[in-house]
Amino acid sequence: MELTGEITPGRPLLVLAVKEEAQHLRTDLPVLLTGMGKVNAATALATVLARGPHPSEVVNLGTAGALRPGWEGTHVVGTVIQHDLDSRLLARLTGEQYGAPLTLPGDSDVVLATGDMFISDDEARERLAARAALVDMEGYALASVAAQAGVPLRMVKHVSDEAGEGADRTWRESVAECARHLAAWAEANTPYVG
C-alpha cells in the first residue's frame, strides 16, 4: 500500500492497484496504490478510510480484461460481481447471502467480474462472459469497502487484454498505454489539478 498526497473531505481519492497503472497521472489529488488482488485492495482502502478524513468520493482507475469480443477502450462500471466466491453454496450452508452484486452510482450497464485469478485462458473467459463484460482483480473489494464506509465510488476500467491465452503478456505490453487513457479520463472527469 502506498498513499501519495493528503485525503481531504472536499476532494476525491484516486485508487489504483499498481504503479504501472498510475504512471501517467500528473495530479495533486491523493493517489492510493493498493497492490493486486481483493485482499490488498480491501485492506489498503479500509485502512485509509478508517484513519479519516473521508474523501468526497473514491475513484477507482484500472485495467481490465475483456470477456466479450469487440470490447476495448475505457468504461465506467455500473455493477460489480465476484466470480470466485461460491455464493450459492455459502447461502445453503449458512442461510446468509455473501457477495451479492453491487450496483454503483450512475447509469452504466457495464458489469465487471472481480476475482483473485488473472484470467488468461479461453474456457474461464467464456464462462465469465455469460455474467460480465470485463474482469479485474480489485473492483468488488473496493466497492464493498467504500459502501460499508458510506463513501461514493466511481469505477473506471480500460481494457488491457482479451482475458484469454497470452493475456499476461498483453497486459505487460499494453499497461503504459492504458495508463495514458486512465490519466486522460481522470483529468477530464475529476477536479484533477487545483
Side-chain angles (χ1 to χ4, degrees), residues 11-18 21-22 24-25 27 29 31-32 34 36-38 41-42 45 49 54-85 87 97 99-119 124-164 167 171 174-175 177-192:
R11 298 174 46 181
L13 168 64
L14 303 181
V15 178
L16 300 94
V18 291
E21 294 172 328
H24 294 291
L25 290 175
T27 182
L29 292 174
V31 176
L32 175 64
T34 66
M36 287 188 172
K38 292 190 302 185
L45 185 57
L49 293 180
H54 284 178
S56 60
E57 69 175 331
V58 170
V59 179
N60 171 228
L61 304 169
T63 55
L67 296 170
R68 298 176 184 159
W71 277 75
E72 56 187 36
T74 305
H75 302 274
V76 176
V77 174
T79 303
V80 63
I81 63 173
Q82 288 188 86
H83 70 76
D84 61 351
L85 180 70
S87 298
Q97 181 166 358
L102 299 174
T103 302
L104 304 177
D107 60 359
S108 172
D109 60 357
V110 174
V111 178
L112 173 75
T114 296
D116 277 324
M117 300 179 247
F118 188 89
I119 303 300
R125 181 187 68 226
E126 288 175 24
R127 187 181 75 253
L128 290 174
R131 300 173 54 204
L134 302 173
V135 64
D136 85 337
M137 296 177 67
E138 298 82 26
Y140 189 95
L142 295 170
S144 179
V145 168
Q148 289 179 36
V151 178
L153 177 132
R154 284 191 288 169
M155 189 173 294
V156 179
K157 300 295 178 176
H158 191 84
V159 174
S160 58
D161 58 79
E162 294 184 349
W171 184 87
S174 69
V175 69
E177 184 63 22
C178 293
R180 280 188 194 86
H181 289 283
L182 292 167
W185 186 95
E187 186 171 358
N189 295 282
T190 68
Y192 196 69

Working to the nearest 0.5 angstrom, can you tell me the gap between [X] [atom1] and [Y] [atom2]?
{"X": "Asp116", "Y": "His83", "atom1": "CG", "atom2": "NE2", "result": "8.0 Å"}
{"X": "Leu29", "Y": "Leu14", "atom1": "CG", "atom2": "CG", "result": "5.0 Å"}
{"X": "Ile119", "Y": "Arg125", "atom1": "CD1", "atom2": "CZ", "result": "10.5 Å"}

Over all heavy atoms of both residues, which pair between [X] and [Y] is shortest? Give the atoms and the distance, please.
{"X": "Ala100", "Y": "Tyr140", "result": "O-OH, 2.6 Å"}
{"X": "Ala146", "Y": "Leu49", "result": "CA-CD1, 4.5 Å"}
{"X": "Val111", "Y": "Ala132", "result": "O-CB, 3.5 Å"}
{"X": "Gly139", "Y": "Val80", "result": "C-CG2, 3.9 Å"}
{"X": "Val151", "Y": "Pro55", "result": "CG1-O, 4.0 Å"}

Are the side chain of [X] and the backbone of [Y] linked by a donor-acceptor contact shorter than 3.5 Å?
{"X": "Asp109", "Y": "Gly78", "answer": "no"}
{"X": "Thr190", "Y": "Ala186", "answer": "yes"}
{"X": "Thr27", "Y": "Tyr192", "answer": "yes"}
{"X": "Ser108", "Y": "Val76", "answer": "yes"}

For Leu45 and Leu13, run side-chain contact (heavy atoms from CB on, under 4.5 Å): C-alpha distance rounded to whole Å, both residues' side-chain angles, the deciding distance at 0.1 Å, then the answer. CA-CA 10 Å; Leu45 185 57; Leu13 168 64; 4.0 Å; yes
Do [X] and [Y] have side chains that approach each other closer than 4.5 Å (heavy atoms only, starting at C-beta)?
{"X": "Ser174", "Y": "Asp161", "value": "no"}
{"X": "Val15", "Y": "Leu142", "value": "yes"}
{"X": "Cys178", "Y": "Val159", "value": "no"}
{"X": "Glu21", "Y": "Leu61", "value": "no"}
{"X": "Pro12", "Y": "Ser56", "value": "yes"}

Could you work out, with salt bridge (charged side-chain N to carboxylate O under 4.0 Å, His left out) as the rule, every residue matching Arg180, not counting sequence neighbours?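 Checked Arg180 against salt bridge (charged side-chain N to carboxylate O under 4.0 Å, His left out); matches are Glu177.
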Considering residues at least two apart in sequence or located in another chain, which fulfil the side-chain hydrogen bond (donor to acceptor under 3.5 Å, both in side chains) criterion with Trp185?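 Result, side-chain hydrogen bond (donor to acceptor under 3.5 Å, both in side chains) vs Trp185: none returned.
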Mind checking what makes side-chain hydrogen bond (donor to acceptor under 3.5 Å, both in side chains) contact with Thr74, not counting sequence neighbours?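 Here the qualifying residues are His158.
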Among residues at least two apart in sequence or on other chains, which ones pass ring pair (Phe, Tyr, Trp, His ring centres under 6.0 Å) with His75?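 Trp71.
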List the steps and the verdict of side-chain contact (heavy atoms from CB on, under 4.5 Å) for Leu25 and Leu16. CA-CA 11 Å; Leu25 290 175; Leu16 300 94; 3.7 Å; yes
What pairs of residues pass the salt bridge (charged side-chain N to carboxylate O under 4.0 Å, His left out) test when at least one of them lies in residues 57-83, not counting sequence neighbours?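 Applying salt bridge (charged side-chain N to carboxylate O under 4.0 Å, His left out) to every pair that reaches into residues 57-83, excluding sequence neighbours, yields Glu57-Arg154.
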Provide the full list of salt bridge (charged side-chain N to carboxylate O under 4.0 Å, His left out) pairs with a residue in residues 130-142, sequence neighbours left out, each pair given once.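 Counting only pairs at least two positions apart or across chains, the salt bridge (charged side-chain N to carboxylate O under 4.0 Å, His left out) contacts touching residues 130-142 are Asp136-Lys157.
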For His24 and Leu182, run side-chain contact (heavy atoms from CB on, under 4.5 Å): C-alpha distance rounded to whole Å, both residues' side-chain angles, the deciding distance at 0.1 Å, then the answer. CA-CA 8 Å; His24 294 291; Leu182 292 167; over 6 Å; no
Option from Thr79, Val110, Val77 for which side-chain contact (heavy atoms from CB on, under 4.5 Å) with Leu104 holds: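 Option passing the side-chain contact (heavy atoms from CB on, under 4.5 Å) with Leu104: Val77.
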